[in-house]
Amino acid sequence: MAKIIVVTSGKGGVGKTTTSAAFATGLALRGIPTVVIDFDVGLRNLDLVMGCERRVVYDLVNVINGEGNLNQALIKDRRVDSLYILPASQTRDKDALTLKGVAKVLEVLKKRFEYIICDSPAGIEHGAIMAMYFADAALIITNPEVSSVRDSDRIVGMLAAKTRRAINNLEPVKEHLLLTRYDTKRVEKGDMLSAIDVTDILAIPMLGIIPESQSVLHASNSGTPITLDRESDAGQAYLDVVARFLGETPPKREKKSLFTRLFGK
Amino acid sequence: MNLLSYFQNQNSQTHNTAAVAKERLQIIVAHARRQRDPSTLDCILPHLQQELLEVVRKYIMVDDDDIKINLERDGDYEILELNITLPEQELAKNEK
Ligand SMILES: Nc1ncnc2c1ncn2[C@@H]1O[C@H](COP(=O)(O)OP(=O)(O)O)[C@@H](O)[C@H]1O
Ligand SMILES: [Mg+2]
(Lines give C-alpha, C1' and ligand atoms only; values in the text may rest on other atoms or scores of the structure.)
(Ligands and ions follow the chains in the order given, each with its own letter.)
Protein backbone atom coordinates (compact mmCIF):
# COMPACT_ATOMS: atom_id res chain seq x y z
CA MET A 1 0.00 0.00 0.00
CA ALA A 2 1.48 3.35 -1.04
CA LYS A 3 2.23 5.81 1.73
CA ILE A 4 1.75 9.57 1.57
CA ILE A 5 4.19 11.64 3.62
CA VAL A 6 3.87 15.39 4.07
CA VAL A 7 6.94 17.49 4.81
CA THR A 8 5.57 20.43 6.75
CA SER A 9 6.49 23.12 9.29
CA GLY A 10 4.30 26.22 9.36
CA LYS A 11 7.35 28.47 9.28
CA GLY A 12 9.14 29.18 6.01
CA GLY A 13 12.82 28.68 5.30
CA VAL A 14 13.34 25.91 7.83
CA GLY A 15 14.32 23.18 5.33
CA LYS A 16 11.12 21.59 4.00
CA THR A 17 12.18 21.60 0.37
CA THR A 18 15.73 20.53 1.22
CA THR A 19 14.29 17.67 3.27
CA SER A 20 11.70 16.66 0.65
CA ALA A 21 14.43 16.35 -1.98
CA ALA A 22 16.87 14.57 0.35
CA PHE A 23 14.32 12.19 1.84
CA ALA A 24 12.73 11.22 -1.48
CA THR A 25 16.16 10.65 -3.00
CA GLY A 26 17.23 8.60 0.02
CA LEU A 27 14.21 6.31 -0.37
CA ALA A 28 14.71 5.98 -4.12
CA LEU A 29 18.41 5.14 -3.64
CA ARG A 30 17.16 1.93 -2.06
CA GLY A 31 15.21 1.10 -5.18
CA ILE A 32 11.86 2.11 -3.68
CA PRO A 33 9.59 3.77 -6.28
CA THR A 34 9.23 7.31 -4.95
CA VAL A 35 7.65 10.52 -6.22
CA VAL A 36 8.12 13.94 -4.66
CA ILE A 37 5.43 16.58 -5.27
CA ASP A 38 5.92 20.33 -4.94
CA PHE A 39 2.77 21.80 -3.34
CA ASP A 40 4.18 25.32 -3.16
CA VAL A 41 1.97 26.78 -5.87
CA GLY A 42 3.34 30.09 -7.13
CA LEU A 43 6.71 29.57 -5.43
CA ARG A 44 7.99 26.43 -7.10
CA ASN A 45 11.50 25.58 -5.95
CA LEU A 46 11.75 21.83 -5.56
CA ASP A 47 12.64 21.58 -9.27
CA LEU A 48 15.70 23.79 -8.64
CA VAL A 49 16.82 21.88 -5.58
CA MET A 50 16.39 18.62 -7.52
CA GLY A 51 18.20 20.08 -10.54
CA CYS A 52 15.42 19.47 -13.06
CA GLU A 53 14.13 23.03 -13.55
CA ARG A 54 14.77 23.01 -17.28
CA ARG A 55 12.78 19.86 -17.81
CA VAL A 56 9.48 21.14 -16.40
CA VAL A 57 6.75 20.90 -19.04
CA TYR A 58 3.50 20.42 -17.16
CA ASP A 59 2.83 20.81 -13.45
CA LEU A 60 0.46 19.66 -10.71
CA VAL A 61 -2.18 22.29 -11.51
CA ASN A 62 -2.05 21.47 -15.24
CA VAL A 63 -2.69 17.83 -14.41
CA ILE A 64 -5.59 18.67 -12.09
CA ASN A 65 -7.13 20.93 -14.74
CA GLY A 66 -6.65 18.32 -17.44
CA GLU A 67 -4.30 20.58 -19.44
CA GLY A 68 -1.63 17.92 -19.49
CA ASN A 69 -1.53 14.32 -18.41
CA LEU A 70 0.29 12.97 -15.40
CA ASN A 71 2.87 11.05 -17.43
CA GLN A 72 3.86 14.22 -19.25
CA ALA A 73 4.15 16.14 -15.99
CA LEU A 74 6.24 13.58 -14.05
CA ILE A 75 9.97 14.18 -14.42
CA LYS A 76 12.16 11.11 -14.11
CA ASP A 77 15.36 11.77 -12.19
CA ARG A 78 18.49 11.18 -14.27
CA ARG A 79 20.64 10.01 -11.35
CA VAL A 80 18.37 7.75 -9.33
CA ASP A 81 16.27 5.19 -11.12
CA SER A 82 13.06 4.96 -9.15
CA LEU A 83 12.76 8.69 -8.43
CA TYR A 84 10.22 11.08 -9.99
CA ILE A 85 9.36 14.74 -9.45
CA LEU A 86 5.99 16.42 -9.92
CA PRO A 87 6.61 20.18 -10.07
CA ALA A 88 4.36 22.94 -8.71
CA SER A 89 2.63 25.46 -10.87
CA GLN A 90 3.82 29.06 -11.14
CA THR A 91 0.25 30.32 -11.27
CA ARG A 92 -0.60 33.14 -8.90
CA ASP A 93 -3.96 31.59 -8.11
CA LYS A 94 -3.39 30.03 -4.69
CA ASP A 95 -6.74 28.27 -4.86
CA ALA A 96 -5.80 26.37 -8.00
CA LEU A 97 -5.44 23.27 -5.83
CA THR A 98 -8.67 21.58 -4.77
CA LEU A 99 -9.09 18.55 -2.52
CA LYS A 100 -10.91 16.77 -5.30
CA GLY A 101 -8.15 17.51 -7.81
CA VAL A 102 -5.35 16.51 -5.44
CA ALA A 103 -7.21 13.31 -4.51
CA LYS A 104 -7.50 12.39 -8.18
CA VAL A 105 -3.77 12.81 -8.83
CA LEU A 106 -2.77 10.94 -5.66
CA GLU A 107 -5.05 8.02 -6.53
CA VAL A 108 -3.16 7.49 -9.77
CA LEU A 109 0.27 7.98 -8.17
CA LYS A 110 -0.57 5.45 -5.46
CA LYS A 111 -0.78 2.72 -8.07
CA ARG A 112 2.70 3.44 -9.32
CA PHE A 113 4.76 4.52 -6.31
CA GLU A 114 5.42 3.20 -2.85
CA TYR A 115 6.13 6.57 -1.32
CA ILE A 116 4.57 9.90 -2.22
CA ILE A 117 6.41 12.82 -0.59
CA CYS A 118 4.48 16.13 -0.41
CA ASP A 119 6.61 19.27 -0.02
CA SER A 120 4.32 21.72 1.77
CA PRO A 121 4.33 25.49 1.35
CA ALA A 122 4.89 27.60 4.48
CA GLY A 123 1.92 28.92 6.44
CA ILE A 124 -1.17 27.31 7.86
CA GLU A 125 -3.51 28.27 5.02
CA HIS A 126 -5.05 26.53 2.04
CA GLY A 127 -1.80 25.36 0.43
CA ALA A 128 -0.48 23.77 3.61
CA ILE A 129 -3.81 22.03 4.15
CA MET A 130 -3.80 20.68 0.58
CA ALA A 131 -0.34 19.22 1.17
CA MET A 132 -1.20 17.53 4.48
CA TYR A 133 -4.80 16.50 3.89
CA PHE A 134 -4.23 12.98 2.55
CA ALA A 135 -1.04 12.25 4.53
CA ASP A 136 -0.43 9.00 6.39
CA ALA A 137 2.70 10.37 8.07
CA ALA A 138 4.25 13.82 8.58
CA LEU A 139 7.82 14.99 8.84
CA ILE A 140 7.58 18.09 11.00
CA ILE A 141 10.59 20.20 10.11
CA THR A 142 11.73 22.31 13.02
CA ASN A 143 14.69 24.60 13.61
CA PRO A 144 15.95 24.98 17.20
CA GLU A 145 14.52 28.46 17.48
CA VAL A 146 11.42 29.89 19.22
CA SER A 147 9.18 30.80 16.29
CA SER A 148 9.87 27.57 14.43
CA VAL A 149 9.06 25.45 17.49
CA ARG A 150 5.80 27.30 18.10
CA ASP A 151 4.80 26.99 14.45
CA SER A 152 5.53 23.28 14.56
CA ASP A 153 3.09 22.99 17.44
CA ARG A 154 0.47 24.79 15.34
CA ILE A 155 1.07 22.25 12.58
CA VAL A 156 0.62 19.42 15.09
CA GLY A 157 -2.77 20.95 15.89
CA MET A 158 -3.70 21.06 12.21
CA LEU A 159 -2.61 17.49 11.58
CA ALA A 160 -4.97 16.47 14.38
CA ALA A 161 -7.90 18.47 13.02
CA LYS A 162 -7.69 19.27 9.31
CA THR A 163 -6.55 16.04 7.69
CA ARG A 164 -8.52 13.22 6.10
CA ARG A 165 -7.48 10.88 8.91
CA ALA A 166 -8.62 13.33 11.59
CA ILE A 167 -11.90 14.24 9.90
CA ASN A 168 -12.84 10.60 9.28
CA ASN A 169 -11.76 9.45 12.76
CA LEU A 170 -9.09 7.14 11.35
CA GLU A 171 -5.77 6.36 12.96
CA PRO A 172 -4.06 9.76 13.30
CA VAL A 173 -1.31 10.96 10.96
CA LYS A 174 1.98 9.56 12.26
CA GLU A 175 4.18 12.43 13.40
CA HIS A 176 7.96 12.54 13.12
CA LEU A 177 10.02 15.43 14.39
CA LEU A 178 12.98 16.39 12.24
CA LEU A 179 15.29 18.97 13.74
CA THR A 180 17.26 20.77 11.02
CA ARG A 181 19.93 23.47 10.86
CA TYR A 182 21.24 22.21 14.20
CA ASP A 183 24.42 23.80 15.47
CA THR A 184 26.00 21.73 18.25
CA LYS A 185 28.49 24.45 19.17
CA ARG A 186 25.77 27.01 19.72
CA VAL A 187 23.74 24.48 21.70
CA GLU A 188 26.72 23.80 23.93
CA LYS A 189 27.14 27.52 24.56
CA GLY A 190 23.50 27.77 25.63
CA ASP A 191 22.62 29.99 22.67
CA MET A 192 20.41 27.49 20.91
CA LEU A 193 17.67 25.10 22.05
CA SER A 194 18.97 21.55 22.26
CA ALA A 195 17.35 18.51 20.67
CA ILE A 196 16.27 17.40 24.12
CA ASP A 197 14.71 20.82 24.80
CA VAL A 198 12.70 20.64 21.58
CA THR A 199 11.45 17.09 22.22
CA ASP A 200 10.57 18.11 25.79
CA ILE A 201 8.49 20.97 24.46
CA LEU A 202 6.78 19.31 21.51
CA ALA A 203 6.64 15.70 22.72
CA ILE A 204 6.80 14.29 19.20
CA PRO A 205 9.02 11.26 18.45
CA MET A 206 12.36 12.44 17.04
CA LEU A 207 13.30 11.02 13.68
CA GLY A 208 16.62 12.77 13.35
CA ILE A 209 18.84 15.80 13.63
CA ILE A 210 20.32 17.48 10.56
CA PRO A 211 23.31 19.71 11.25
CA GLU A 212 23.61 23.22 9.89
CA SER A 213 25.99 22.61 7.01
CA GLN A 214 27.74 24.42 4.18
CA SER A 215 27.23 21.34 2.06
CA VAL A 216 23.48 22.02 1.86
CA LEU A 217 24.11 25.32 0.14
CA HIS A 218 26.56 23.74 -2.30
CA ALA A 219 24.10 20.96 -3.04
CA SER A 220 21.25 23.35 -3.80
CA ASN A 221 23.59 25.56 -5.85
CA SER A 222 24.27 22.64 -8.12
CA GLY A 223 20.80 21.08 -8.05
CA THR A 224 21.89 17.93 -6.25
CA PRO A 225 19.78 16.47 -3.43
CA ILE A 226 22.06 16.42 -0.39
CA THR A 227 21.65 12.65 0.05
CA LEU A 228 23.67 12.18 -3.17
CA ASP A 229 26.65 13.85 -1.46
CA ARG A 230 27.81 10.95 0.67
CA GLU A 231 30.74 12.94 2.01
CA SER A 232 28.61 15.57 3.68
CA ASP A 233 27.50 15.47 7.31
CA ALA A 234 24.01 16.63 6.39
CA GLY A 235 23.75 14.02 3.62
CA GLN A 236 24.75 11.29 6.08
CA ALA A 237 22.26 12.57 8.62
CA TYR A 238 19.46 12.43 6.04
CA LEU A 239 20.42 8.89 5.03
CA ASP A 240 20.19 7.94 8.72
CA VAL A 241 16.77 9.57 8.84
CA VAL A 242 15.62 7.41 5.92
CA ALA A 243 16.99 4.29 7.63
CA ARG A 244 15.26 5.11 10.89
CA PHE A 245 12.03 5.90 9.06
CA LEU A 246 12.16 2.44 7.50
CA GLY A 247 12.56 0.94 10.94
CA GLU A 248 16.28 0.23 10.76
CA THR A 249 18.92 1.19 13.29
CA PRO A 250 21.43 3.31 11.41
CA PRO A 251 25.12 2.81 12.17
CA LYS A 252 26.12 4.87 15.16
CA ARG A 253 28.19 7.92 14.39
CA GLU A 254 29.70 10.47 16.75
CA LYS A 255 27.68 12.20 19.46
CA LYS A 256 26.46 8.82 20.57
CA SER A 257 25.19 9.90 23.94
CA LEU A 258 22.70 12.41 22.55
CA PHE A 259 21.34 9.94 20.04
CA THR A 260 21.12 7.20 22.62
CA ARG A 261 19.12 9.46 24.89
CA LEU A 262 16.77 10.57 22.13
CA PHE A 263 16.21 7.41 20.21
CA GLY A 264 16.84 4.91 22.98
CA LYS A 265 18.97 2.79 20.73
CA MET B 1 28.04 47.28 42.23
CA ASN B 2 31.57 46.02 42.01
CA LEU B 3 33.31 45.22 38.80
CA LEU B 4 32.99 41.48 39.19
CA SER B 5 29.23 41.49 39.65
CA TYR B 6 28.95 43.91 36.72
CA PHE B 7 30.55 41.34 34.45
CA GLN B 8 28.46 38.56 35.93
CA ASN B 9 25.32 40.53 35.16
CA GLN B 10 26.49 41.22 31.65
CA ASN B 11 27.04 37.57 31.24
CA SER B 12 23.67 36.47 32.56
CA GLN B 13 21.91 38.57 29.93
CA THR B 14 23.44 36.72 27.02
CA HIS B 15 24.18 33.46 28.71
CA ASN B 16 21.95 30.46 28.38
CA THR B 17 19.17 32.27 26.61
CA ALA B 18 18.23 28.81 25.33
CA ALA B 19 17.00 27.92 28.83
CA VAL B 20 14.79 31.02 28.80
CA ALA B 21 13.48 30.09 25.35
CA LYS B 22 12.65 26.60 26.55
CA GLU B 23 10.72 27.84 29.54
CA ARG B 24 8.73 30.35 27.47
CA LEU B 25 7.96 27.76 24.81
CA GLN B 26 6.80 25.18 27.35
CA ILE B 27 4.28 27.65 28.75
CA ILE B 28 2.98 28.85 25.38
CA VAL B 29 2.77 25.38 23.85
CA ALA B 30 1.00 23.92 26.91
CA HIS B 31 -1.51 26.78 26.71
CA ALA B 32 -2.05 26.33 22.96
CA ARG B 33 -2.59 22.60 23.44
CA ARG B 34 -5.17 23.12 26.16
CA GLN B 35 -7.00 25.55 23.91
CA ARG B 36 -7.16 22.89 21.20
CA ASP B 37 -8.30 20.14 23.53
CA PRO B 38 -12.11 20.10 23.65
CA SER B 39 -12.05 18.42 27.07
CA THR B 40 -10.47 21.44 28.77
CA LEU B 41 -11.99 24.66 30.09
CA ASP B 42 -9.37 26.58 28.13
CA CYS B 43 -10.99 25.37 24.95
CA ILE B 44 -14.54 26.45 25.85
CA LEU B 45 -13.51 29.71 27.50
CA PRO B 46 -13.55 31.95 24.40
CA HIS B 47 -17.04 30.67 23.47
CA LEU B 48 -18.25 31.05 27.04
CA GLN B 49 -16.96 34.61 27.14
CA GLN B 50 -18.69 35.45 23.87
CA GLU B 51 -22.04 34.03 24.98
CA LEU B 52 -21.85 35.71 28.38
CA LEU B 53 -21.20 38.98 26.63
CA GLU B 54 -24.34 38.52 24.55
CA VAL B 55 -26.47 37.71 27.60
CA VAL B 56 -25.19 40.66 29.63
CA ARG B 57 -25.75 42.97 26.68
CA LYS B 58 -29.46 42.18 26.72
CA TYR B 59 -29.61 44.18 29.95
CA ILE B 60 -26.54 46.38 30.17
CA MET B 61 -24.41 47.84 27.41
CA VAL B 62 -20.85 46.71 28.07
CA ASP B 63 -17.77 46.75 25.88
CA ASP B 64 -16.04 43.62 24.64
CA ASP B 65 -13.27 43.94 27.17
CA ASP B 66 -15.56 44.72 30.10
CA ILE B 67 -16.03 41.01 30.63
CA LYS B 68 -12.95 39.17 31.76
CA ILE B 69 -12.71 35.48 32.34
CA ASN B 70 -9.71 34.08 34.06
CA LEU B 71 -8.83 30.48 34.69
CA GLU B 72 -6.39 29.69 37.42
CA ARG B 73 -4.94 26.40 38.43
CA ASP B 74 -4.11 25.58 41.99
CA GLY B 75 -3.04 22.00 42.39
CA ASP B 76 -6.06 19.88 41.53
CA TYR B 77 -8.40 22.86 41.53
CA GLU B 78 -9.36 25.07 38.66
CA ILE B 79 -10.73 28.44 39.61
CA LEU B 80 -12.87 30.22 37.08
CA GLU B 81 -13.01 33.91 37.77
CA LEU B 82 -15.56 36.13 36.05
CA ASN B 83 -15.32 39.90 36.15
CA ILE B 84 -17.88 42.23 34.63
CA THR B 85 -17.12 45.92 34.74
CA LEU B 86 -20.35 47.89 34.68
CA PRO B 87 -20.39 51.26 32.95
CA GLU B 88 -20.56 54.21 35.34
CA GLN B 89 -23.84 55.81 34.28
CA GLU B 90 -25.66 52.47 34.58
CA LEU B 91 -24.56 52.29 38.20
CA ALA B 92 -25.64 55.85 38.85
CA LYS B 93 -29.13 55.08 37.50
CA ASN B 94 -29.51 52.12 39.82
CA GLU B 95 -28.54 54.14 42.85
CA LYS B 96 -31.37 56.63 42.41
N1 LIG C 1 20.91 21.73 7.24
C2 LIG C 1 21.07 22.91 6.61
N3 LIG C 1 22.26 23.58 6.68
C4 LIG C 1 22.43 24.77 6.06
N5 LIG C 1 21.48 25.37 5.33
C6 LIG C 1 20.28 24.77 5.20
C7 LIG C 1 20.01 23.51 5.83
N8 LIG C 1 18.73 23.14 5.53
C9 LIG C 1 18.24 24.13 4.74
N10 LIG C 1 19.16 25.10 4.53
C11 LIG C 1 19.02 26.33 3.73
O12 LIG C 1 17.93 27.07 4.25
C13 LIG C 1 17.21 27.72 3.20
C14 LIG C 1 15.75 27.32 3.26
O15 LIG C 1 15.63 25.94 2.99
P16 LIG C 1 14.37 25.33 2.26
O17 LIG C 1 14.57 23.86 2.20
O18 LIG C 1 14.10 26.02 0.97
O19 LIG C 1 13.24 25.70 3.33
P20 LIG C 1 11.64 25.71 3.17
O21 LIG C 1 11.27 24.79 2.05
O22 LIG C 1 11.18 25.20 4.51
O23 LIG C 1 11.23 27.11 2.94
C24 LIG C 1 17.89 27.32 1.91
O25 LIG C 1 18.77 28.32 1.55
C26 LIG C 1 18.64 26.05 2.29
O27 LIG C 1 19.80 25.86 1.49
MG1 LIG D 1 10.03 25.14 0.31
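Reminder, nothing fancy here: chain letters follow the sequence lines and each chain counts from 1.
Taking a 6.0 Å sphere around CD of B:E23, one finds it holds 12 or fewer heavy atoms contributed by other residues, nucleotides or ligands. Within 6.0 Å of CD in B:Q49 there are more than 12 heavy atoms belonging to other residues, nucleotides or ligands. In this structure, B:R24 places its CZ atom where only 12 or fewer heavy-atom neighbours from other residues, nucleotides or ligands lie under 6.0 Å away.
Within residues 125-149 of chain A, the residues having any heavy atom closer than 4.5 Å to a heavy atom of chain B are A:V146, A:V149, listed by residue number.
Atom CE of A:M192 sits about 10.5 Å away from atom OG1 of B:T17, to the nearest 0.5 Å. Rounding to the nearest 0.5 angstrom, the gap separating the CD1 atom in B:I28 from the CD1 atom in A:I201 is 12.0 Å.
Contact between B:A18 and A:D191 at its shortest, heavy atoms only, is CB-C, 4.1 Å. Shortest non-hydrogen contact noted between B:K22 and A:D200 is NZ-OD2, 2.8 Å.
Looking only at distances, no side-chain donor or acceptor of B:R36 sits under 3.5 Å from a matching main-chain atom of A:V156.
For the pair A:D197/B:L25, no side-chain contact is recorded, criterion being any heavy-atom separation below 4.5 Å from C-beta on.
Heavy-atom distances place the backbone of A:R154, and not its side chain, under 4.5 Å from chain B.
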